[in-house]
Amino acid sequence: LVLLHSFAADYAEALAFDADGNLLAVGGRDGSVRVWAVSDGGERAFFAGHQGRVTGLAFSSVGDLASVGADGRLVIWDISTGDQAEEVKTQSGVGLRSVAFSNDGRHLAAATANAEVVLWTGRQRVESVLLGHEGQVESVSFSANNDWLASGGRDGQTWVWNLRRGGLGRALGEGGGWVQSVSFSADGKLLAAGGVDGKIRVWDRVGFQLEYELDAGSGIEDLSFGE
C-alpha cells in the first residue's frame, strides 16, 4: 500500500478511480480536485474550478474526468494538460450530487438537488430530464451494456431508466431509507443500492427482481462491486 496523501478530516467529499485503477481523484470542500498516481503517490493534476464543495467525480472509459459540485457545474477536465476541457450546464442550474459516464461514452448523467436525473447524449450533449424522484437525487450509475441508468435519492427510492426506450423509468419496490449510493456490477447482472438505514438491496438485471437484502449495521455512504 502507498500513502498517497493525508487530508484534514473534513476535506474530502468525493473520490473516484480510473478504469485501470492507476489514478485516484479526490474532490474537496474547497472546490478543488486533485489526481494522484496510485503506483508512486505522485500528484498528476490539480484543478480549482468549483465554487463550493465538489460532490461527485467520475472517470470515463477513455480517461476523461468529470466533477460536479454544489455550485451546479459539471466540468470535464483534461488530466494531461491540467485544463478544463468542457463544461456542461443543466437548464435548471441547481446543485449537482453525483455524476457518471456510460461505458461507451455516449451518455453522461448527473443527480440533482431538485429531484431530477439529467442525461446528456452524444457529442452535442443533448439534454434530457428524467422525472420520478420526489426528493434530492444522490447517486447515478450506468449498466455495463449502456442500456440502463439507475438512480437513488432521499425519497428512499431506487429508479431504473431504460435508455433504449427513451429513458422510460420505474421505481423498484416500496423504497426504504434515504438511498445514498447505487451501483451496477461490472458484468451488468446485478444492481445494488444502499443508504442511511444500513440496508443493501440487490436486484438482478433480468426483470429487476429483488434478490438479496443485507444489513450492514450502520448507514452506507457509498458502495460498489468488485471485479
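Every heavy atom of this structure was used, including side-chain atoms; hydrogens, water molecules and symmetry mates were not. In what follows, residues are counted from 1 in the order of the sequence shown.
Between Val54 and His50, the shortest heavy-atom distance links the atoms CG2-CD2, 3.8 Å. Ala193 and Thr158 make their closest contact through CB-OG1, 3.4 Å (heavy atoms, listed as atom of the first residue, atom of the second, distance). Nearest heavy atom pair, residue Gly93 against residue Thr90, reads N-OG1, 2.9 Å. The two residues Glu116 and Ser92 make their nearest non-hydrogen contact at OE1-OG, 3.7 Å. Here the shortest heavy-atom pairing between Trp120 and Leu74 reads CZ3-CD1, 3.5 Å. Smallest separation of non-hydrogen atoms from Ser183 and Ser141: CA-OG, 3.6 Å.
For Asp20 (side chain) and Asn22 (main-chain N/O), no donor-acceptor pair under 3.5 Å exists by modelled atom type. Ser98 places no side-chain N or O within donor-acceptor distance of the main-chain N or O of Ser139, the cut-off being under 3.5 Å.
Counting heavy atoms from C-beta on, the side chains of Asp204 and Lys189 never come closer than 4.5 Å. Side-chain contact between Phe101 and Ser61: absent, with no pair of heavy atoms (C-beta onward) separated by less than 4.5 Å. Here the side chains of Arg106 and Thr121 are in contact, with some heavy-atom distance below 4.5 Å. Side-chain contact between Val35 and Leu65 is present, with heavy atoms from C-beta onward closer than 4.5 Å. The shortest side-chain heavy-atom distance between Val38 and Leu23 does not fall under the 4.5 Å cut-off. In this structure, Leu172 and Trp159 have side chains that are not in contact, with every pair of non-hydrogen atoms separated by 4.5 Å or more. Residues Glu213 and Ile200 have side chains not in contact (no heavy-atom distance under 4.5 Å, counting atoms from C-beta outward). Residues Val33 and Val26 are not in side-chain contact: their nearest non-hydrogen atoms beyond the backbone lie 4.5 Å or more apart.
Residues Leu210 and Val160 fall within the same hydrophobic cluster, defined by Ile, Leu, Val, Met, Phe, Trp and Tyr side chains chained together at heavy-atom separations under 4.5 Å. Leu190 and Ile220 fall within the same hydrophobic cluster, defined by Ile, Leu, Val, Met, Phe, Trp and Tyr side-chain heavy atoms under 4.5 Å apart, directly or through other members. Residues Val140 and Val94 do not share a hydrophobic cluster, clusters being chains of Ile/Leu/Val/Met/Phe/Trp/Tyr side chains in contact below 4.5 Å. Clustering ILVMFWY residues whenever any of their side-chain heavy atoms sit less than 4.5 angstrom apart, transitively, puts Val99 in a cluster other than the one holding Val75. Under the 4.5 Å side-chain contact rule for hydrophobic residues, Val137 and Leu163 share a cluster.
Put simply, CZ on Arg97 and OG1 on Thr112 are 10.5 Å apart, with the number rounded to the nearest 0.5 Å. Trp36 contributes atom CH2, which lies 9.5 Å from atom CZ of Phe46 (distance to the nearest 0.5 angstrom). Note: Ser128 OG to His107 NE2 = 9.0 Å, rounded to the nearest 0.5 Å. Note that the CZ atom of Phe184 and the OG atom of Ser224 stand 14.5 Å from one another [nearest 0.5 Å]. Taking CG of Leu168 as the start and CG of Leu130 as the end, the distance is 10.0 Å to the nearest 0.5 Å.
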Just list the side-chain donor-acceptor pairs under 3.5 Å for residues 143-150, sequence neighbours left out, or say none.
{"unit_1": "Ser143", "atom_1": "OG", "unit_2": "Asn145", "atom_2": "OD1", "d": "2.7"}
{"unit_1": "Ser143", "atom_1": "OG", "unit_2": "Asp147", "atom_2": "N", "d": "3.4"}
{"unit_1": "Ser143", "atom_1": "OG", "unit_2": "Trp148", "atom_2": "N", "d": "3.0"}
{"unit_1": "Ser143", "atom_1": "OG", "unit_2": "Trp148", "atom_2": "O", "d": "3.4"}
{"unit_1": "Asn145", "atom_1": "OD1", "unit_2": "Asp147", "atom_2": "N", "d": "3.1"}
{"unit_1": "Asn145", "atom_1": "ND2", "unit_2": "Asp147", "atom_2": "OD2", "d": "3.2"}
{"unit_1": "Asn146", "atom_1": "OD1", "unit_2": "Asn103", "atom_2": "N", "d": "2.9"}
{"unit_1": "Asn146", "atom_1": "OD1", "unit_2": "Asp104", "atom_2": "N", "d": "3.1"}
{"unit_1": "Asp147", "atom_1": "OD1", "unit_2": "Arg164", "atom_2": "NE", "d": "2.7"}
{"unit_1": "Asp147", "atom_1": "OD2", "unit_2": "Arg164", "atom_2": "NE", "d": "3.1"}

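With hydrogens and angles left out, the side-chain atoms of Gln136 and Glu138 include a donor and acceptor closer than 3.5 Å. Under the 3.5 Å distance criterion, with hydrogens and angles disregarded, no donor-acceptor pair is assigned to the side chains of Arg53 and Thr55.
Residues meeting the side chain to side chain donor-acceptor pair (under 3.5 Å) test with Gln180, sequence neighbours left out: Trp178, Glu221.
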Show your working on side-chain contact (heavy atoms from CB on, under 4.5 Å) between Gln84 and Asp78 and close with a plain yes or no.
CA-CA 6 Å; Gln84 177 178 316; Asp78 185 332; over 6 Å; no
Quick one: do Trp77 and Phe47 satisfy ring-ring contact (aromatic ring centres under 6.0 Å, His included)? Show the steps, please.
CA-CA 8 Å; Trp77 305 98; Phe47 308 113; 4.5 Å; yes
Is there a side-chain contact (heavy atoms from CB on, under 4.5 Å) between Arg205 and Leu191 once you walk through the steps?
CA-CA 7 Å; Arg205 204 348 244 109; Leu191 168 66; over 6 Å; no
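Applying side chain to side chain contact (heavy atoms under 4.5 Å, CB included) to Phe59 and the options Asp64, Ile79, Leu24 leaves one that passes, Ile79.
At most 12 non-hydrogen atoms from other residues, nucleotides or ligands lie less than 6.0 angstrom from CD of Gln51. Annotation for Glu127: atom CD counts as buried by contact number, over 12 foreign heavy atoms lying within 6.0 Å.
Using a 4.0 Å cut-off between charged side-chain N and carboxylate O, Glu211 and Arg201 make no salt bridge.
Between His133 and Trp161, the angle of the ring planes lies from 30° to 60°, which puts this pair in the tilted group.
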